[in-house]
Protein chains: 2
Amino acid sequence: MVTEENKHSYELIIIGGGPAGLSAGIYAARGRIDTLLIEKLAMGGQITGAEKVENYPGFPDGVSGFDLTELMQRQASLWGLKTHTADVTGLAVDSNTRIVKTSDGDFLCHAVIVASGSARSKLGVPGEERLLGRGVSYCATCDGAFFQDEAVAVVGGGNAAVSEALALTRYARSVVLVHRRNELRATKVVQERLFSEPKVHVIWDTVVDEILGNDKVEKLRLRNAKTGEGSSVNVAGIFVATGLVPATEFATALLDMDQQGHIITNEVMETKVPGIFAAGDVRHDSAKQCVTAAGDGATAALRAERYLTTEVTR
Amino acid sequence: MVTEENKHSYELIIIGGGPAGLSAGIYAARGRIDTLLIEKLAMGGQITGAEKVENYPGFPDGVSGFDLTELMQRQASLWGLKTHTADVTGLAVDSNTRIVKTSDGDFLCHAVIVASGSARSKLGVPGEERLLGRGVSYCATCDGAFFQDEAVAVVGGGNAAVSEALALTRYARSVVLVHRRNELRATKVVQERLFSEPKVHVIWDTVVDEILGNDKVEKLRLRNAKTGEGSSVNVAGIFVATGLVPATEFATALLDMDQQGHIITNEVMETKVPGIFAAGDVRHDSAKQCVTAAGDGATAALRAERYLTTEVTR
């Protein structure tokens, strides 16, 4: 459906306003490509949840994910990037036209960069849906302050889980990290900090089977993954940080994906469909880092520019 | 040759201290990998020559290449990255050991990230070698100030050439941009600035055949690439910005390369030799941007970490 508002055909549409999308936006706008960036909610993606990003090159003292997003957004905006808030629901191809279907109708363009990022995986256990926002959270930076002097749990073993556990020590009385394996995947320096933090206790080889509580989280039912032995822990909050799922449902029909739903690209961000590129966390084998996403975005924008110049008959 | 100084075997050696190498260094040092970064001269690579980097995401007001390098170097150093100054001359493999041959002897390690970047191509015309440093330059940021109120030429048509021409207008009386084609490859916004700058005159479809002058540059002998017609222009300086050549001679015997000498990798920076990765400008199909190099470096370091953990018997 082409409405009065969106009958304009853009040269390029970028789906997603995290580091990959914003970096692509900076490059495309600076390249004077007529570009629209479509973001569902607020700009920034997963990185906005990071209290302190220590490994984005150029910020020796670290920078909060929120501030880094704000800087990138301002940079894109200074170069003239246009943005629109809508939920992308589909992607289609009609000859040289690419159609981005959204909650606000169809947007037309010649090239698309999919940079829709990822969302936290759910545990998929009883109580998780019911107690969402009542003790169940996917973002310590967002919700940590609600748990002043309470006992809380974090589930997971990667960088996100360990960082959330550490962030929570500033509010919570105690933090248990529940991890299904007997070693962490997190970066060494982050692990060292965790192990030296007296408020944190790690429960190894253990999974959460159920989240219990009447109108708010009260207890977790646990199970040892090796022995099968059951146990429980009393907490007021549980932060799920077990992994990320790519937000690519809208592109399933059109693009090649791996089993988890990551988009397959070559090393210059091209998908199998000409004029459609993917960048950042949505890509298969992405390192899922802020700087790798930003690098992907730049590469995708430069390739889109080349595609628009050489392949599209205008 | 293993000397007293370098008989220590590192887990990882990074070759090159530009954005790719420094980003890899930040990630590796933060991952507590025993890492040495070897750089030939000063840190920073090609980017240090950039007066203002406007497209590195996170710096809306731009940042000089020198300052950005300094920030990255400080960040790597805060995480404990060790560095050494030497010229890398060769790369070899002996079972699980990787040998980095340098002007200071051999350094041993288990994994290598080649991030040695690129150098400016030469024109290869008479007078270029003879008048080097006497009017012939490859870096306007470095040498521009020597040409106060003089007439200078820049050769090339990409971002580097146009940026150098613009930078030179602050010193020179006039700048001719000599370009072999009839359109520029530079980013649109950079082209716009060039065309609105009254001090700059573009000579299209033209190549430099000879650089003339006794003890310093006085004149360029030019030729129209289409008609063959000869001409000349009087200048006191010529800045060559026709392209980049990868600094990969030391790895030719070991790694697959394209015709220009860029190293072939897959999308996670692996070369054909296990434990040897490549990142940044040296890679085939690299976008040759600061942020893409930094992204490459992060990916390479994380892959090297995985390789060291899973593949190397220690």
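Everything quoted here is computed from the prediction, not taken from an experiment. Below, chains carry the letters A, B, ... as their sequence lines are ordered, and counting in each starts from 1.
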*Asks:* Does the distance from a Lys or Arg side-chain N to an Asp or Glu carboxylate O, for A:E270 and A:R306, drop under 4.0 Å?
*Replies:*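 Salt bridge flag = no for A:R306 with A:E270.
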
*Asks:* Hey, which of B:G31, B:A287, B:S77 has the most heavy atom pairs under 4.5 Å with chain A?
*Replies:* B:G31

*Asks:* Side chain from CB out, backbone as N, CA, C, O: work out which of these in B:E70 comes under 4.5 Å of a heavy atom of chain A, or both, or neither.
*Replies:* neither

*Asks:* Using the ring of each side chain (for Trp, its six-membered ring), is B:Y56 parallel, tilted or perpendicular to A:Y56, with breaks at 30° and 60°?
*Replies:* tilted

*Asks:* Are there over 12 heavy-atom neighbours, none belonging to B:R180, within less than 6.0 Å of that residue's CZ?
*Replies:*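 No, because the 6.0 Å sphere around CZ of B:R180 holds 12 heavy atoms or fewer from other groups.
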
*Asks:* So which residue, B:T299, B:N266, B:D296, B:T69, ends up with the most heavy-atom pairs under 4.5 Å with chain A?
*Replies:*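 Among the listed options, the one with the most contacts to chain A is B:T299.
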
*Asks:* Could you check which of B:N55, B:T187, B:V268, B:L71 has the highest count of heavy-atom pairs closer than 4.5 Å to chain A?
*Replies:*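 Between B:N55, B:T187, B:V268, B:L71, the count favours B:N55.
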
*Asks:* Just give me the residue among A:G58, A:G297, A:G295, A:A298 that pairs up with chain B most often, heavy atom to heavy atom, under 4.5 Å.
*Replies:* A:G58

*Asks:* Salt bridge or not for B:E267 and A:R283, using N-O below 4.0 Å?
*Replies:* no

*Asks:* Considering heavy atoms only, which positions within residues 16-25 of chain B lie below 4.5 Å of chain A?
*Replies:*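 Interface residues of residues 16-25 of chain B: B:S23.
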
*Asks:* Could you tell me whether B:R181 atom CZ has more than 12 heavy atoms of other residues or ligands within 6.0 Å of it?
*Replies:*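 Result for CZ/B:R181: open.
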
*Asks:* Counting only non-hydrogen atoms closer than 4.5 Å, does A:Q191 touch chain B with its backbone (N, CA, C, O), its side chain (CB onward), both, or neither?
*Replies:*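 Contact with chain B: none, neither part.
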
*Asks:* Go through the steps to decide whether A:C290 and A:M72 satisfy the test side-chain contact (heavy atoms from CB on, under 4.5 Å), and finish with yes or no.
*Replies:* CA-CA 11 Å; A:C290 192; A:M72 290 186 185; 4.3 Å; yes

*Asks:* Identify which part of B:D61 has an atom lying under 4.5 Å from any heavy atom of chain A, answering side chain, backbone, both or neither.
*Replies:* side chain

*Asks:* Taking every non-hydrogen pair under 4.5 Å, which of A:G62, A:P60, A:A186 racks up the most with chain B?
*Replies:*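 Between A:G62, A:P60, A:A186, the count favours A:P60.
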
*Asks:* Enumerate the salt bridge (Lys or Arg N to Asp or Glu O under 4.0 Å) contacts for residues 284-295 of chain A, please, sequence neighbours excluded, ordered by first and then second residue.
*Replies:* A:D285-B:R303

*Asks:* For the pair B:R185 and A:E305, find out whether any cationic side-chain nitrogen is under 4.0 Å from an anionic carboxylate oxygen.
*Replies:* no

*Asks:* Is it the backbone or the side chain of A:V190 that comes under 4.5 Å from a heavy atom of chain B, or both, or neither?
*Replies:* side chain

*Asks:* Please determine whether a side-chain nitrogen of the Lys or Arg among B:E183 and B:K188 lies less than 4.0 Å from a carboxylate oxygen of the Asp or Glu.
*Replies:*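 Salt bridge absent between B:E183 and B:K188.
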
*Asks:* Measuring from atom NZ of A:K82 to atom CG of A:L36, what distance do you get when rounded to the nearest 0.5 angstrom?
*Replies:* 7.5 Å

